Undergrad: 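Starting off with a structure, shown below.
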There are 4 protein chains.
Amino acid sequence: MSKSEETKKKILKSAIELVADKGYASTSTREIAKNAGVSEATIFKYYKNKDQLLKKIVSKTINDFFKYSLNKSLPEVFEANKNKSIDYLLQELLTERFQFFKENSKAIQVIFQETMVNKEVREFFKNKVWTKMDELETSIIIKGKKQGLIRNIDNYFIKKALFGMIFYTVFFEEVLELDNKNKYNSEEQARAILDIIFKGIKNDK
Amino acid sequence: MSKSEETKKKILKSAIELVADKGYASTSTREIAKNAGVSEATIFKYYKNKDQLLKKIVSKTINDFFKYSLNKSLPEVFEANKNKSIDYLLQELLTERFQFFKENSKAIQVIFQETMVNKEVREFFKNKVWTKMDELETSIIIKGKKQGLIRNIDNYFIKKALFGMIFYTVFFEEVLELDNKNKYNSEEQARAILDIIFKGIKNDK
Amino acid sequence: MSKSEETKKKILKSAIELVADKGYASTSTREIAKNAGVSEATIFKYYKNKDQLLKKIVSKTINDFFKYSLNKSLPEVFEANKNKSIDYLLQELLTERFQFFKENSKAIQVIFQETMVNKEVREFFKNKVWTKMDELETSIIIKGKKQGLIRNIDNYFIKKALFGMIFYTVFFEEVLELDNKNKYNSEEQARAILDIIFKGIKNDK
Amino acid sequence: MSKSEETKKKILKSAIELVADKGYASTSTREIAKNAGVSEATIFKYYKNKDQLLKKIVSKTINDFFKYSLNKSLPEVFEANKNKSIDYLLQELLTERFQFFKENSKAIQVIFQETMVNKEVREFFKNKVWTKMDELETSIIIKGKKQGLIRNIDNYFIKKALFGMIFYTVFFEEVLELDNKNKYNSEEQARAILDIIFKGIKNDK
DNA sequence: CATGAATGAGCTTTCATTCAT
DNA sequence: AATGAATGAAAGCTCATTCAT
């Protein structure tokens, strides 16, 4: 890695750390610079302005997330898992996500924060992330219904159950460090959650 | 209401609106004053400093929440609902909460935001709110288990299912205005959620 | 005069002094503030930004100039001086201008400077000031030609002779303080200049 | 020309262009470098600091001017033009100057600007340029008076008439691009101006 | 009771400049 | 011969806060 790239990375890392902790607006470029071990001027050599630095955090994280998890088209996913059951598919999906969130917990925090207070980030999140996640989830649910595995509840609530547990985990455990952080690993978390939800939504007949 | 009190309220309301939209750190006292129709100096007549204004938003909302929902001691609650079933109890509880969140959505947003970036608020939230909510939930679950209604899953996951759905609703629907906002009223939401979760956690025998 | 207005004036005065001496771009708001005996923040209470402060200097000076000298419509001027000779008219005009330039020499310097380096000021000067001055001059010359007093030379050169001397005086004497500053008063200057030019352009027949 | 010299020239040219347009203080070394197609560091290889770059622009232009026009000592000039009339001499002189100004309009603009805002340049201009020009003009006028060609007016006004027209032309036509730029060539300009002034100052007897 | 006027401290950003390569 | 990388210093500007009225 070139010296340039290293410096750029140092800055980004420093920014993520501080912003995750104190919020974007309350983190000064001075602090970011100091924390990164570079001068303030250097930050602006690499990032046009403070906003671009934030955007980089957001977009990079989301890109990584896509690369990691969401980037395959739905037909591909289904094709690849043709003879796997729906719950296996969901299990894989959830585990993957938990894993990613754990590994990128600081950057995820930043995205959470800014989604709440920054219009641009909010729109980006809605249009780029949410839409795609929603689509994937929905299509799995529909599949499950077609196979007669899921009973007739508004998809809306099923998604709520799934997403809710994911986001609860992220927000309360990773962000606020409230709960039983690390009591279970990603795979166990996914399994336990699905155990409840599947029972809750499955067709009894 | 005295003129003083009115002014004070105007300021608080103005602050909640703006802070919910743009975040505490990005909202200037100048804007708050303008939006409230008072001078900047007036704000500082009523609130020692900007931080106190934030604290007031947080503490007032949480107090309201307690008054509204969490303020009875657990034995009282159980005594009062002695001959009601557990799911009725939870249904009531959830409905109440959804209702409160809907009515105080802006202030709740502020609490969410600041819980993420402000150490003091975070501690306050952990110690005052979370603990109490957790306690209540836990004791209900324990009760349910004793009555043989709930199967043997780590309480942790059951709470996750419950809180997750609440959280999801607040964050995604009220804060981000993403989803089917207002498709269902608070009571319907509560019922549908519990329908899934209860099936998911109930003892089958 | 209210305290506000006094402060505002102090700032403007301080700015004119410093900018005339060192140029707009090289004069910091810090210096202007210090020189005015106020804090930097106060400057920005009264002027949205540094540019607005410059604009105020320019527009105020030009407005004063118009009030002082150019604001009457041409027919008015001619009507009021119906039975005065052309050279008397020009003599009045020039004297007036010299006088104004002497009294506002610092602000005029600022306008000169910025006309050279600032697109906006340049356009403003072209459209608002130059056009009007040119119009007046031209119409006087035309009048003189009609009366058979001025020989047949391209107006362009006559204006050049007139403007040139004015300009020279301002630039070299007031701005650069080069020459015989104050050797002659405004009226004497005007008379001597016209003495030369009139001889130079008059019809000999 | 060596590569070094070429680079140095590129930088100077780039600086003149930009500074003429926006002023010295508002032109950054970054822009100059970019416009010249070199790195910022390279500028400082060739010019100790930004100020030296400005000084080079000023001194080079003035040197060129001297080489072009003012460098012969007065006796030389007169000796060389012994049997030419005064007005022929002035005509030559003016034409020469207009020509030079047209050809070096950008650099001349820089000198104008900086003469107004930069003490050092101002002194340089006063002592090196102005004095010499003034001397030449004065001696020609004196000669004219001795020959009985020029009537008894304070030299000061005669010079004002001459210089005024020159500077008007430079400032308003070259710098501000206001007027009939290029309607007349240098020689025609000189002739027309002298036509007026000579009539204006000549001895009538 | 409310505010107009003022400000010190701090922010983001740009600048001219240095230096190792 | 030229530059990529870095920076201290200073710029314009905003902020929360004070205080006399």
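In the text below, chain A, chain B and the rest are named by the order of the sequence lines, each starting its count at 1. Values reported hereafter were calculated over all heavy atoms of this structure, with side chains retained and with hydrogens, waters and symmetry mates removed. Values in this document were obtained by computation on a predicted structure and should not be read as measured data.
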Undergrad: Go through the structure and list residues passing salt bridge (Lys or Arg N to Asp or Glu O under 4.0 Å) with C:Asp64, not counting sequence neighbours.
TA: C:Lys60
Undergrad: In residues 4-26 of chain C, what residues come within less than 4.0 Å of DNA chain E, judged by heavy atoms?
TA: C:Ser4, C:Thr7
Undergrad: Looking at DNA chain F, which of residues 44-53 of chain C put a heavy atom within less than 4.0 Å of it?
TA: C:Phe44, C:Asn49, C:Lys50
Undergrad: Identify, with sequence neighbours excluded, every residue that meets salt bridge (Lys or Arg N to Asp or Glu O under 4.0 Å) alongside B:Lys55.
TA: B:Glu120
Undergrad: Going 5' to 3' along DNA chain E, between which two nucleotides do contacts with chain A fall, using a heavy-atom cut-off of 4.0 Å?
TA: E:dC11 to E:dC15
Undergrad: Please walk me through it: do C:Ser14 and C:Glu17 pass side-chain hydrogen bond (donor to acceptor under 3.5 Å, both in side chains)?
TA: CA-CA 5 Å; C:Ser14 163; C:Glu17 275 170 27; 5.7 Å; no
Undergrad: Please answer whether the main-chain N or O of D:Gly23 pairs with a side-chain N or O of D:Thr27 as donor and acceptor at a distance below 3.5 Å.
TA: yes
Undergrad: Should B:Arg30 be listed as having a side-chain N or O under 4.0 Å from OP1 or OP2 of F:dC15?
TA: yes
Undergrad: For DNA chain E, what residues of residues 34-43 of chain D have any heavy atom nearer than 4.0 Å?
TA: D:Glu40, D:Ala41
Undergrad: With sequence neighbours left out, what residues match A:Asn63 under side chain to side chain contact (heavy atoms under 4.5 Å, CB included)?
TA: none
Undergrad: With sequence neighbours left out, write down each residue that passes salt bridge (Lys or Arg N to Asp or Glu O under 4.0 Å) with D:Arg30, or none if nothing qualifies.
TA: none
Undergrad: Side-chain atoms of residues 121-129 of chain B: list all donor-acceptor pairs with protein atoms under 3.5 Å, sequence neighbours left out, distances to 0.1 Å.
TA:
residue	atom	partner	partner atom	Å
B:Arg122	NH1	B:Thr115	O	3.4
B:Arg122	NH1	B:Met116	O	3.0
B:Lys126	NZ	A:Leu176	O	3.4
B:Asn127	ND2	B:Glu123	O	3.1

Undergrad: Scan B:Ser2 against the nucleic acid and name what it touches under 4.0 Å (heavy atoms): base, sugar-phosphate only, or nothing.
TA: nothing
Undergrad: B:Thr29 near the nucleic acid: base, sugar-phosphate alone, or nothing, with a heavy-atom cut-off under 4.0 Å?
TA: base
Undergrad: Quick check: on DNA chain E, is the nucleotide nearest A:Thr27 upstream (toward 5') of the one nearest B:Lys3, or the reverse? Name the residue that is more 5'.
TA: B:Lys3
Undergrad: Less than 4.0 Å between a side-chain N and a carboxylate O, is that true for C:Lys22 and C:Glu31?
TA: yes
Undergrad: Checking A:Lys50 now: which residues fulfil salt bridge (Lys or Arg N to Asp or Glu O under 4.0 Å) with it, not counting sequence neighbours?
TA: none
Undergrad: With pairs defined as Watson-Crick or G-U wobble and both distances under 3.5 angstrom, please note down DNA chain E as a dot-bracket string, | for pairing with another strand.
TA: .||||||||||||||||||||
Undergrad: What residues from residues 113-123 of chain A pass a heavy-atom cutoff of under 4.0 Å to DNA chain F?
TA: none
